[in-house]
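Report on the following structure.
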Amino acid sequence: MKYQLKKYSKTFVLLFFISLVLIINFNCSSELPKEKTFVPIYASFDSSVAYVGMETCKECHQSIYETFVQTGMGKSFDHASKTKSSARFGEHEKVYDKLLDFWYQPFWENDSLHIMEFRLNGKDTVHKRIETVSYIVGSGQHTNSHIMNTNGYLNQMPMTFYTQKGQWDLPPGFENGGNSRFNRLIGLECMSCHNSYPKFVQGSENKYDFVDQGIGCERCHGPGGKHVTDKKAGNIVDVVQGIDYSIVNPAKLPISLQLDVCQRCHIQGNAVLNDGKSFLDFKPGMKLSDVMNVFMPVYKGRDEEHIMASHVERLRMSKCFVASVARAENQKEKSLTPYKNALTCVSCHNPHVSVKHTDKEVFNTVCKNCHQSGKEYTCSEKPEVLHLNLNNCVSCHMPGSGATDIPHVSVHDHYIRIPVKEEKQNQIREFIGINCINNPKPSAEAKGKAFIAYFEKFNYGKEVLDSARKYFPDNNVSAIRKNLVPLIHIAFLEKKPELVIKYVQTFGNALEMLNKKTFDNSDAWTCYRIGESYSEVGNKLESLRFYQRTYNLAPLYPEFANKYATALATSNQVPQAIAILNESVKNYPKNAATVSNLGYLTLVQQGDTAKAMVLYNKALVLDPDYDQAILNKAGLLIFTRKIPQAKIVLMNFLKRKPGHPKATELLQQLEAI
């Protein structure tokens, strides 16, 4: 019943590959010019103010609604339908993962979209799994990705359609051996940017009671319950003369806070939540840094490289932005709409109108507000070149290019500058440090957690764990008690179970302290790491206690249920273990480990060979390469005297994994019979 548990798939997307360098330097983003202190008094900041949904907004803002639903945000997420899909379909629309030897093919059956995974041995199909697509993510301007829904559990599927090139391929992060097939969890971090806020089920990692269909009005304007109540009661504010604080109008926010509204999602990197915060907590008008800090590695000589959602970060690097904001802040009279005197996101992008329906002259006009004949900043390009480019500022100063994290797409780089000559783009890549994108002064705790995440989520070397330790000292009892959770996390990743246990024993009452259910399951994960450590040193009693707390805090995460059931079984509490696995499989029947382990315990406890074989086969449909299910099946075939079938199972397994010790040993024993 052995299996490996990891919180994060190695394919978690942030494809920046660097040398294994000890990262100890932080280069923080440039601060905006100081703004007048802004006192947040919006009604939407009150937690009692409810979200009302876009259909309610539509009642008064019909014309804005009609154009907004055609934008990339409005079309960001919806049920899978032929209308929503931008993809091509047909017999030849297949994708092959040569490293894992899986084929994928999308197809429609009536009005349902499916993705079929299959494996061939010659012309014979030796594995086939078909899953239904529940949702399509992406407006179709760049991509369509696909999500399956299993009893509310959302997982990304292993096919994406890249619309700019008109081709299917593996999703970002699934390539180069990182194919997680149908198992990539769609957690709150993903969902909270690609859609309106969902109803997330605590105690899980990826289960939802409700998900909306597209980013709605309130993602940028905040919850509208008070606004709707006020207007229905006749409480009208003259917005020409002042600000209506019943709802957030981002145009009237100070520039830094307006950028935070955009940057909540148009930012990409290593997001570190502040203590007690979740990805649902940010509301327009807040400082993003009050909820999270986002970190990125920085390289000298690689200004040309950018990632898909780096728009705000890149804009802030531009001289146009810096100079315009400085001028706006130095003006004596403050405008109700600060961005009017500066270059911000909404200077060029009307968030209520699709960029596809925006004429290029809209963008050129913004440039020409400063760069026009007779002014200091004019275009120095030769007239013939300007004519050749149709006087299009964007084509030269914001060129389209590929993003480093998403294949097959081209996006405009929002770092506005004089075009870089080709020969200057091949400079040596020199690592500088880490940039906290949205906060020039992140806390020491945030920095330390960022380093932990670089190892755990982004596959950096162990040197970053050494860097993390600088921010979480353990040189005395007081320090250990203060930093218990991150210290356990670091020691666990360092594979030092004895050190984890030392921290726990120094703290004294860790189990009493680790008792909170949260959106990120922080206490549950800490208990899991402690349980694993006690298990490693052979202390079954203590490991069981912490696994039980892990399960109690997050019973809807299948891997936790599996681990707790395994601990129960090894402590001779098999009926209790079976009950846990039955409940887990009922909630989420597509975890190969829980299904296989249920089959094993059913055989051990009840002697039901037929039911055990059904469960093993179900597990192998979910994952034909799951070692333990293959070995369990071979063992059951041997037990039921079906030796030839057992040999076939083991020989096929060894073709894929030559030299596997347990399979080799079993096959040798069978050959000797």
Side-chain angles (χ1 to χ4, degrees), residues 35-74 76-77 192-193 195-199 210 212-266 277-291 312 334-342 344-347 349-354:
E35 298 177 297
K36 184 178 179 181
T37 301
F38 179 76
V39 180
I41 56 175
Y42 285 103
S44 58
F45 288 9
D46 188 331
S47 60
S48 67
V49 176
Y51 289 91
V52 297
M54 195 158 57
E55 291 299 314
T56 300
C57 304
K58 176 183 175 182
E59 294 175 9
C60 295
H61 303 281
Q62 176 76 32
S63 61
I64 292 176
Y65 170 89
E66 296 295 343
T67 57
F68 176 76
V69 293
Q70 300 302 317
T71 66
M73 290 185 290
S76 61
F77 194 102
S192 63
C193 271
N195 203 2
S196 288
Y197 285 159
K199 291 182 180 178
F210 170 79
D212 215 332
Q213 278 71 64
I215 294 169
C217 312
E218 291 165 297
R219 288 305 308 276
C220 296
H221 294 280
K226 180 70 164 65
H227 181 67
V228 171
T229 301
D230 277 5
K231 301 319 143 194
K232 288 185 175 180
N235 299 328
I236 308 299
V237 176
D238 183 356
V239 294
V240 175
Q241 301 297 324
I243 296 175
D244 181 356
Y245 286 101
S246 72
I247 195 76
V248 177
N249 180 351
K252 294 183 178 181
L253 289 174
I255 291 171
S256 61
L257 297 183
Q258 183 191 110
L259 290 176
D260 276 350
V261 175
C262 303
Q263 200 167 216
R264 167 61 184 90
C265 291
H266 292 267
K277 299 296 183 182
S278 82
F279 288 104
L280 301 177
D281 284 332
F282 176 77
K283 295 179 181 179
M286 290 181 173
K287 288 182 179 179
L288 184 60
S289 59
D290 286 343
V291 176
V312 179
K334 299 296 181 180
S335 170
L336 279 176
T337 53
Y339 82 96
K340 289 290 188 182
N341 301 312
T344 71
C345 306
V346 294
S347 300
H349 294 286
N350 181 342
H352 299 142
V353 178
S354 171

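Gln258 contributes a side-chain N or O that, together with a main-chain N or O of Pro250, makes up a donor-acceptor pair within less than 3.5 Å. Under the 3.5 Å distance criterion, the side-chain polar atoms of Ser347 are matched with a main-chain donor or acceptor of Ala342.
Contact check for Ser196 versus Gln213: no side-chain heavy atoms found under the 4.5 Å cut-off. At a threshold of 4.5 Å between non-hydrogen side-chain atoms, the residues Cys345 and Cys262 count as touching. Ile243 is listed as a side-chain neighbour of Tyr42, based on a closest heavy-atom distance under 4.5 Å. No side-chain heavy atom of Phe77 sits under 4.5 Å from any side-chain heavy atom of Ile215. In this structure, Pro351 and Val346 have side chains that are in contact, with non-hydrogen atoms separated by less than 4.5 Å. At a threshold of 4.5 Å between non-hydrogen side-chain atoms, the residues Asp46 and Lys226 do not count as touching. Residues Ser44 and Val248 meet the side-chain proximity criterion, which asks for heavy atoms closer than 4.5 Å. Counting heavy atoms from C-beta outward, Met54 and Phe68 have side chains that approach closer than 4.5 Å.
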For Lys287 and Leu257, run side chain to side chain contact (heavy atoms under 4.5 Å, CB included): C-alpha distance rounded to whole Å, both residues' side-chain angles, the deciding distance at 0.1 Å, then the answer. CA-CA 6 Å; Lys287 288 182 179 179; Leu257 297 183; 3.8 Å; yes
Go through Asp290 and Lys283 one step at a time and tell me if the side chain to side chain contact (heavy atoms under 4.5 Å, CB included) criterion holds. CA-CA 10 Å; Asp290 286 343; Lys283 295 179 181 179; over 6 Å; no
Let's go through Arg219 and Val261 carefully: what are the C-alpha distance in whole Å and the side-chain angles of both, what is the deciding distance for side chain to side chain contact (heavy atoms under 4.5 Å, CB included) to 0.1 Å, and is it a yes or a no? CA-CA 8 Å; Arg219 288 305 308 276; Val261 175; over 6 Å; no
Please report the C-alpha distance between Arg264 and Asp260 in whole Å, then the side-chain angles of each, then the deciding distance to 0.1 Å, and finally whether the side chain to side chain contact (heavy atoms under 4.5 Å, CB included) criterion is met. CA-CA 6 Å; Arg264 167 61 184 90; Asp260 276 350; over 6 Å; no
List the steps, then state whether salt bridge (Lys or Arg N to Asp or Glu O under 4.0 Å) holds for Asp212 with Lys199. CA-CA 9 Å; Asp212 215 332; Lys199 291 182 180 178; over 6 Å; no
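Between Thr344 atom OG1 and His349 atom NE2 the span is 10.0 Å, to the nearest 0.5 Å. One distance of note links OG1 of Thr337 with CG of Leu253; it measures 11.5 Å at 0.5 Å rounding. For the atom pair Met286 CE and Asp281 CG, the distance stands at 7.0 Å (nearest 0.5 Å). Expressed to the nearest 0.5 Å, how far CG of Asn249 lies from NE2 of His227 amounts to 10.0 Å. We find the CZ-OG distance between Phe282 and Ser192 to be 11.5 Å, quoted to the nearest 0.5 Å. Put simply, NE2 on His221 and OG on Ser246 are 12.0 Å apart, with the number rounded to the nearest 0.5 Å.
The two residues Val353 and Thr71 come nearest to each other via the heavy atoms C-CG2, 3.4 Å. Among all heavy-atom pairs drawn from Ile247 and Pro223, the shortest one is CD1-O, 4.0 Å. Listed here is the closest heavy atom pair of Val69 and Glu66: CG2-O, 3.4 Å.
Between the side chains of Gln70 and Ser354, no donor N or O sits under 3.5 Å from an acceptor N or O. Between the side chains of Glu218 and Tyr197, no donor-acceptor pair of N or O atoms lies under 3.5 Å.
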